Amino acid sequence: MPQQMQRDYKELIEEHILDFLPDIDHKSITLYESMKYSLTAGGKRIRPMLLLAASEFAGGKLAEAVPYACAIEYIHTYSLIHDDLPAMDDDQLRRGRPTNHIVYGDAMAILAGDGLQSAAFEAMSKDMFLYFDNGDKLKKRIRAANEIVKGSGCRGMVAGQVADIESEDRACSGEMLDYIHLTKTAALIVAAIRAGAQLGGADEEMLSSLTIYAENLGLAFQIADDILDVIGSEEEMGKKTGMDMVKKKSTYPALYGLEASKKKLMELTGNAIEALASYYDNAEFFVKLAEDLAVRGK
Ligand code: GRG
């Protein structure tokens with residue numbers, strides 16, 4: 001199945017990103033405004049794009065994957081809001097705008113994150129109700145939601161955030177650093193791709209190839225982010241750079257140096273692309289996305 005361009009997937013997400021927020025009582029309008037503020041602040045939409053692309057790649061209908069694509073972006077956005085809080089990274093700038101707690105206060109930012117997380121699960125469960133009498137489609141949806149729950153939860157992204165916080169100011173082994181990256185960052189990327197693949201009905205062989213692609217891309221993504229924190233500009237990143245060193249964070253450049261990190265980024269990108277080599281031109285979207293991310297960190 002030929003894949004769309006990054007631009008097409010992104011447009012679809014921008015069109016629907018607010019559609020799955022629950023109808024909120026006017027008395028809670030600040031909560032809605034706060035969630036909407038971060039959702040429409042201009043993220044790259046990598047995870048929902050990957051979910052849509054994986055679903056199409058596996059033979060699914062694009063429109064049917066949209067609720068799950070938006071759900072994963074809600075979860076990602078909640079994680080960024082919470083990560084920026086004073087109790088975590090204490091950042092003032094995100095996606096080129098003041099962070100959620102700077103605009104709405106700490107309490108509302110915590111609640112906006114909570115609200116986005118539950119909205120994600122409401123979006124997916126509401127979609128499942130539509131397929132209650134279609135066993136095959138319902139199973140695909142349950143499998144997709146399960147990938148997202150696992151990737152974002154306490155063996156995935158949340159576990160990674162914990163390990164990241166606990167590694168601050170400490171000497172960190174290469175093994176621990178890989179664990180942090182694989183959980184904090186790669187787990188949600190793997191979840192996006194596997195959820196899309198499950199929705200589209202991928203067989204075991206395709207699921208396994210896509211998982212290898214996703215793990216390599218997820219690690220590469222974090223290493224590129226670490227490199228850009230050293231060499232990138234605030235304008236390019238939409239957030240303050242150079243903070244990993246200030247906060248003595250465990251990163252690839254800190255542990256291995258900049259050149260070795262760039263080499264690792266290229267190696268992981270190559271591995272990701274290689275994992276989908278047998279799908280030839282059908283994997284064009286995935287290949288281009290991996291290359292584009294690698295170029296950012298070059
Ligand atoms: C608070 C449970 C919890 C988890 C936070 C996502 C995260 C975990 C922390 C953010 C800090 C960080 C640098 C994480 C690594 C993943 C990453 C590079 C996130 C930014 O993702 P992009 O670049 O952001 O896709 P946009 O804004 O484009 O969506």
Side-chain angles (χ1 to χ4, degrees), residues 6 9-10 13-14 17 37-51 69-70 72-91 93-101 106 109-110 112-114 116-117 120 148-168 177-192 217-230 232 234-247 249-254 265 289 292-294 296-297:
Q6 287 182 31
Y9 289 130
K10 192 156 187 285
I13 296 149
E14 299 308 339
I17 193 67
Y37 174 80
S38 292
L39 277 180
T40 54
K44 293 185 290 299
R45 313 297 195 200
I46 303 269
R47 296 150 194 83
M49 279 202 289
L50 284 167
L51 190 149
C70 291
I72 206 155
E73 186 67 8
Y74 289 3
I75 291 173
H76 168 60
T77 304
Y78 115 69
S79 81
L80 297 180
I81 296 174
H82 281 189
D83 185 67
D84 290 334
L85 285 164
M88 295 212 200
D89 262 3
D90 196 10
D91 278 316
L93 199 64
R94 168 73 68 182
R95 294 175 164 173
R97 291 207 208 171
T99 45
N100 194 292
H101 68 275
D106 294 1
I110 293 171
D114 295 340
L116 282 170
Q117 180 164 211
I148 294 175
V149 174
K150 276 194 304 188
S152 61
C154 36
R155 271 172 301 155
M157 181 181 73
V158 174
Q161 182 75 347
V162 170
D164 188 45
I165 288 171
E166 290 189 335
S167 76
E168 273 179 38
L177 186 61
D178 283 345
Y179 172 77
I180 294 172
H181 285 4
L182 279 170
T183 45
K184 186 179 83 165
T185 308
L188 203 60
I189 289 176
V190 172
L217 183 83
L219 265 182
F221 187 77
Q222 181 60 60
I223 293 172
D225 198 71
D226 287 353
I227 294 173
L228 282 166
D229 190 72
V230 181
E234 186 170 303
E235 198 184 14
E236 187 185 353
M237 295 291 281
K239 62 178 182 179
K240 204 163 166 48
T241 50
M243 294 312 287
D244 288 345
M245 205 149 84
V246 173
K247 290 175 186 158
K249 287 248 180 196
S250 301
T251 66
Y252 249 79
L265 170 62
L289 188 92
D292 288 353
L293 289 178
R296 286 181 74 223

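In each ligand, atom 1 is the first atom listed, and ligand 1 is the first ligand listed. Just so you know, residue 1 is the first one in the sequence shown, and it goes up from there. Small disclaimer: the values here were computed from a predicted structure and weren't measured.
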When you measure from atom 15 (C) of ligand 1 to every protein heavy atom, which one gives the shortest distance, and what is it?
-> Q222 OE1, 2.8 Å

Of all protein heavy atoms, the one nearest atom 14 (C) of ligand 1 is K184 CE, 3.7 Å

Only heavy atoms count here, so choose which of H82, R45, R95, H181 is nearest to atom 27 (O) of ligand 1.
-> R95

Output field: ring centroids Y252/H181 closer than 6.0 Å | yes

Could you tell me which atoms of ligand 1, counted from 1 in the order shown, lie closer than 4.0 angstrom to a heavy atom of T185?
-> 15 (C), 16 (C)

Would you say ligand 1 has an N or O under 3.5 Å from any N or O of D89?
-> no

Residue, atom and distance of the protein heavy atom nearest atom 6 (C) of ligand 1 read S79 OG, 3.2 Å

Of all protein heavy atoms, the one nearest atom 25 (O) of ligand 1 is R47 NH1, 2.8 Å

Nearest 0.5 Å please: distance from the CE atom of M157 over to the CG atom of D83.
-> 9.5 Å

Interfacing atoms of ligand 1 (cut-off 4.0 Å, heavy-atom, Y78) | 2 (C)

Polar contact flag, side-chain donor to acceptor under 3.5 angstrom, N100-S38 | yes

Do any N or O atoms from the side chain of H76 and from the backbone of R47 form a donor-acceptor pair under 3.5 angstrom?
-> no

Look at atom 13 (C) of ligand 1 and say which protein heavy atom is nearest, naming residue and atom and giving the distance to 0.1 Å.
-> D225 OD2, 3.4 Å

For atom 3 (C) of ligand 1, grab the closest protein heavy atom and report residue, atom and distance to one decimal in Å.
-> Q161 CG, 3.8 Å

The closest protein heavy-atom partner of atom 9 (C) of ligand 1 is D83 CG, 3.3 Å

In Å, rounded to the nearest 0.5 Å, how long is the span from CG of L80 to OG1 of T99?
-> 11.0 Å

For Y74 and I17, indicate whether the former's side chain and the latter's backbone hold a donor-acceptor pair under 3.5 Å.
-> yes

Please report the C-alpha distance between I75 and L116 in whole Å, then the side-chain angles of each, then the deciding distance to 0.1 Å, and finally whether the side-chain contact (heavy atoms from CB on, under 4.5 Å) criterion is met.
-> CA-CA 6 Å; I75 291 173; L116 282 170; over 6 Å; no

What is the distance from atom CD of Q161 to atom OG1 of T185, rounded to the nearest 0.5 Å?
-> 9.0 Å

Any idea which protein heavy atom is nearest atom 22 (P) of ligand 1, and the distance to it?
-> K44 NZ, 3.4 Å

